[in-house]
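What follows is a set of notes on a single structure, which appears directly below.
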Amino acid sequence: MHSMAKAWSLLLLIILVFGAFVEGSHGSKLSHNYYKSTCPQVLSIVKAKTESTLKKKPRMGASLLRLHFHDCFVNGCDGSILLDDDSTFIGEKTALANNNSARGFELVDDIKAEVEKTCPGVVSCADILAIAARDSTVVLGGPSWKVKLGRRDSITASRADANKFIPAPSFNLSALKSNFLAQGLSLKDLVALSGAHTIGLARCTTFRAHIYNDSNIDPSFAKSLQHKCPRTGKDNIHRRLDLQTPITFDNFYFRNLLKKKGLLRSDQELFNGKSADFLVKKYAADSSKFFKQFTKSMIKMSNIKPLTGNSGQIRINCRKVN
């Protein structure tokens, strides 16, 4: 009997040790109440700062959402997009998708400074991006979701990886699908997350090829854009991604695609006689279905390869490694 109890104790010990090893090797999981005891004010600080900024500059909402997206697609949601270049790496800010177009860095600095005053050295820049993306969506009329927290910040960034992984506005549907699949995201995620283009603006360089070379575009829509965006020059002229309501998070993006009025080639590719058409029709017909899938896909995207446990660090200044 004694030896049996001894064997059970040994087995239990093995299970516990193995469990600890597995947990350690996979890192800690993200959770909704990660800062409950260490920085309970973080959600209200980020919300207040995001809301007050968006009241004055509503376009900043699209910029914050995009920063989180571009962060997560390059080696996971680790705040790497916020790093300035240093002597050891060329960062992501000058990558093709970000150079002269990624915005909101100063606002992230302001939010981080506020959070640091209250809870020094506790909240990561990567988590601030995830919270601010959600709050921006809500302020502009979109859905809310519970953000899982506990990401840590990377100590390096890579312009080469940003150029490789962030989807380009010139992509066709199959390129978009494989790009999202590489991040573990499905066709449903691709279409729902593209719906974030219901807010914000895009530069002439990103839609020029679509308005001059493509056939799957409403001719009068193309013509009206050609007046603003010539074949050469005026690269930094901006147009609305959603013609009607560029500062309201709604389903007009999908309604525009049905009329062949997607601003970017990568937008209109979602409604071009292929496998994504049924989803575009579904979200154009019912904004609640779009909102529901958008929240699911945002949670999934926010969970791409986060740094947890002892990986990375909590950056004090989002622009540089401690």
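All values below come from the heavy atoms of this structure, side chains included, with hydrogens, waters and symmetry mates left out.
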Quiz item: Roughly how far, to the nearest 0.5 Å, is the OG1 atom of Thr295 from the CH2 atom of Trp145?
Solution: 7.5 Å
Quiz item: Are a donor atom and an acceptor atom from the side chains of Thr198 and Asp250 found within less than 3.5 Å of each other?
Solution: yes
Exercise. Check the pair Met301, Ile304 against side-chain contact (heavy atoms from CB on, under 4.5 Å), reporting the backbone distance first and the verdict last.
Key: CA-CA 6 Å; Met301 184 192 83; Ile304 296 172; 4.0 Å; yes
Quiz item: Does NZ or CZ of Lys260 lie under 6.0 Å from the centre of the six-membered ring of Phe271, at an angle within 45° of the ring axis?
Solution: no
Self-check item: Positive for side-chain contact (heavy atoms from CB on, under 4.5 Å) with Val280, one of Asn272, Asn251, Leu270
Solution: Leu270
Quiz item: Just by distance, with hydrogens left out, do Asp267 and Tyr253 show a side-chain donor and acceptor under 3.5 Å apart?
Solution: yes
Self-check item: Exercise: do Asp242 and Asn256 side chains pair donor with acceptor under 3.5 Å
Solution: yes
Practice problem: Assess whether side-chain contact (heavy atoms from CB on, under 4.5 Å) is satisfied between His68 and Met298, documenting all intermediate values. | Solution: CA-CA 10 Å; His68 181 45; Met298 279 300 290; 3.8 Å; yes
Self-check item: Residue Asn322 excluded, over 12 heavy atoms near CG under 6.0 Å
Solution: yes
Self-check item: side-chain contact (heavy atoms from CB on, under 4.5 Å) partner of Ile111, chosen from Val108, Asp109, Val115
Solution: Val115
Quiz item: Would you say the side-chain atoms of Ser297 and Asp189 include a donor-acceptor pair closer than 3.5 Å?
Solution: yes
Self-check item: Closest non-hydrogen atom pair, Ser302 against Cys72
Solution: CA-SG, 4.2 Å
Quiz prompt | Joint hydrophobic cluster, Val74 plus Leu96, side-chain heavy atoms closer than 4.5 Å | solution = no
Quiz item: Can Asn236 and Arg203 be counted as having a side-chain donor-acceptor contact under 3.5 angstrom?
Solution: yes
Practice problem: Check whether any side-chain heavy atom of Lys320 sits under 4.5 Å from a side-chain heavy atom of Asp84, and report yes or no. | Solution: no
Quiz prompt | Nearest-0.5 Å distance that lies between atom CZ in Phe180 and atom NZ in Lys177 | solution = 13.0 Å
Exercise. Using only heavy-atom distances, determine whether the side chains of Asn163 and Arg159 contain a donor-acceptor pair under 3.5 Å.
Key: no
Self-check item: Under 3.5 Å side-chain donor-acceptor pair for Glu92 and Ser158
Solution: no
Quiz item: How many angstroms lie between atom CG of Asp127 and atom CG of Asp78, to the nearest 0.5 angstrom?
Solution: 11.5 Å
Exercise. Spell out, yes or no, whether Phe221 and Leu257 are grouped together once hydrophobic residues are joined by side-chain heavy atoms under 4.5 Å, including indirect joins.
Key: no
Quiz prompt | Pair Glu116-Lys112, salt bridge (charged side-chain N to carboxylate O under 4.0 Å, His left out): steps then yes or no | solution = CA-CA 6 Å; Glu116 282 298 309; Lys112 176 64 171 169; 2.8 Å; yes
Quiz item: Does a side-chain heavy-atom distance below 4.5 Å link Leu263 with Leu225?
Solution: yes
Quiz item: Looking at Phe69, does the NZ or CZ of Arg66 lie under 6.0 angstrom from its six-membered ring centre and within 45 degrees of the ring axis?
Solution: no
Exercise. Name the orientation class of the two ring planes belonging to Phe249 and Phe290 (parallel below 30°, tilted from 30 to 60°, perpendicular beyond 60°).
Key: parallel
Exercise. Take Arg59 and Leu201 through the side-chain contact (heavy atoms from CB on, under 4.5 Å) test and state the conclusion after the steps.
Key: CA-CA 8 Å; Arg59 186 187 160 204; Leu201 307 174; 3.5 Å; yes
Practice problem: Could you tell me which non-hydrogen atom of Pro230 sits nearest to which non-hydrogen atom of Cys204, and how far apart they are? | Solution: O-SG, 4.4 Å
Quiz item: Does any pair with a residue in residues 266-322 pass disulfide (SG to SG under 2.5 Å), and if so which ones, sequence neighbours excluded?
Solution: Cys125-Cys318
